[in-house]
Amino acid sequence: MENLKNYIRRYCQITDDDLTKVINQFHPRQIPKNRMLLQPGQICNEFVFVETGAFRMYKLVDNKETTAWVFFEGTAFCELISFLRQIPTSYAIQALENSRIWTITHSNMEMLYRTVPSWQEFGRRHWEEALLKFTDVAQSFQSDPAETRYNRFTSDRRMLQRLSLRQLASLLGVTPYTLSRLRRKR
């Protein structure tokens with residue numbers, strides 16, 4: 001729980017009383033490896049903080065899994081469009097490892113936005129950072145060669161240690177053959 005508290009404090013100035021109100025809306029869960037947290041067609045109704053473990057968000061494209069993003073301990077996520085609009089998703093979210101998470105429902109997030117002003121700051125700053133990361137990655141896919149993307153993503157050693165080569169290749173937008181070539185260069 002301390003990791004969750006520190007994560008929240010990273011994004012906003014919050015009193016101990018307000019932090020207690022916020023934390024009380026989160027619920028712990030254990031998620032076994034390979035368990036699906038979200039399936040295509042479902043509505044993402046949870047914002048997730050990863051205490052331990054890892055998850056991947058992916059989509060089936062031409063019957064092939066295309067990894068969109070990976071989330072490790074110390075990060076929070078949801079399938080943003082589905083969560084904010086409360087519409088069915090086309091993505092899946094799967095545990096890559098046995099994981100411990102803290103979740104809060106969409107309705108409880110909204111209630112906190114109305115009743116805890118510092119939670120509004122948390123939301124604004126968290127979504128801004130997510131948007132900046134997404135924009136940065138999108139620009140990289142438009143302008144950077146595969147080697148640059150590989151070096152950038154794998155500067156986080158967890159990418160190499162905890163993803164399969166197929167998942168990493170998919171995340172980088174390259175074929176497994178290209179990934180092998182990039183790995184040999186390094």
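Remember, predicted model here, so these are calculated numbers, not experimental data.
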Minimum heavy-atom distance Ser82-Thr89, with the two atoms named: CB-CB, 3.8 Å
Step through the shown structure and confirm whether more than 12 heavy atoms of other residues, nucleotides or ligands are within 6.0 Å of [atom1] on [X].
X      : atom1 : answer
Asp16  : CG    : no
Arg9   : CZ    : yes
Phe26  : CZ    : yes
Ile81  : CD1   : no
Tyr113 : OH    : yes
Gln161 : CD    : yes

Check: Thr66/Lys59 side-chain N/O donor and acceptor closer than 3.5 Å: no
Basic-acidic side-chain contact under 4.0 Å: Glu147, Arg181: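 Judged by the 4.0 Å cut-off on N to carboxylate O distance, Glu147 and Arg181 do not form a salt bridge.
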Presence of salt bridge, Arg10 and Glu129, under 4.0 angstrom: yes
Close aromatic pair by centroid cut-off 6.0 Å: Phe77 and Phe55: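 Ring centres of Phe55 and Phe77 closer than 6.0 Å.
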Inter- and intrachain pairs under salt bridge (Lys or Arg N to Asp or Glu O under 4.0 Å), touching residues 82-111, at least two apart: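 As it turns out, the salt bridge (Lys or Arg N to Asp or Glu O under 4.0 Å) pairs with a partner in residues 82-111, which skip direct neighbours, are Glu97-Arg162.
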Within residues 29-51 or reaching into it, pairs that qualify as ring-ring contact (aromatic ring centres under 6.0 Å, His included) - sequence neighbours excluded: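 Matches after skipping sequence neighbours: Tyr7-Phe49, Phe47-His126, Phe47-Trp127.
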From CA spacing to verdict: salt bridge (charged side-chain N to carboxylate O under 4.0 Å, His left out), Asp62, Lys64: CA-CA 5 Å; Asp62 297 329; Lys64 290 172 35 178; over 6 Å; no
Within-4.5 Å side-chain heavy-atom neighbours: Phe83 and Met109: yes
Glu79 and Leu38: CA distance, side-chain angles, deciding distance, side chain to side chain contact (heavy atoms under 4.5 Å, CB included) verdict: CA-CA 9 Å; Glu79 199 283 270; Leu38 184 68; 3.8 Å; yes
Candidate list Val50, Thr52, Asp156, test side-chain contact (heavy atoms from CB on, under 4.5 Å), partner Phe72, passing option: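 Filter result, single survivor: Asp156.
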Same apolar cluster: Leu60 and Val70, side chain cutoff 4.5 Å: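 Per the 4.5 Å side-chain linkage, Leu60 and Val70 are not co-clustered.
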Cluster overlap Phe71 with Trp102, hydrophobic side-chain contacts below 4.5 Å: no
Audit row: Lys5, Glu2, salt bridge (charged side-chain N to carboxylate O under 4.0 Å, His left out) steps and yes/no: CA-CA 5 Å; Lys5 288 179 181 179; Glu2 282 306 308; 3.6 Å; yes
Criterion side chain to side chain contact (heavy atoms under 4.5 Å, CB included) on Arg124 and Gln120, from CA distance to verdict: CA-CA 6 Å; Arg124 179 183 59 81; Gln120 290 178 19; over 6 Å; no
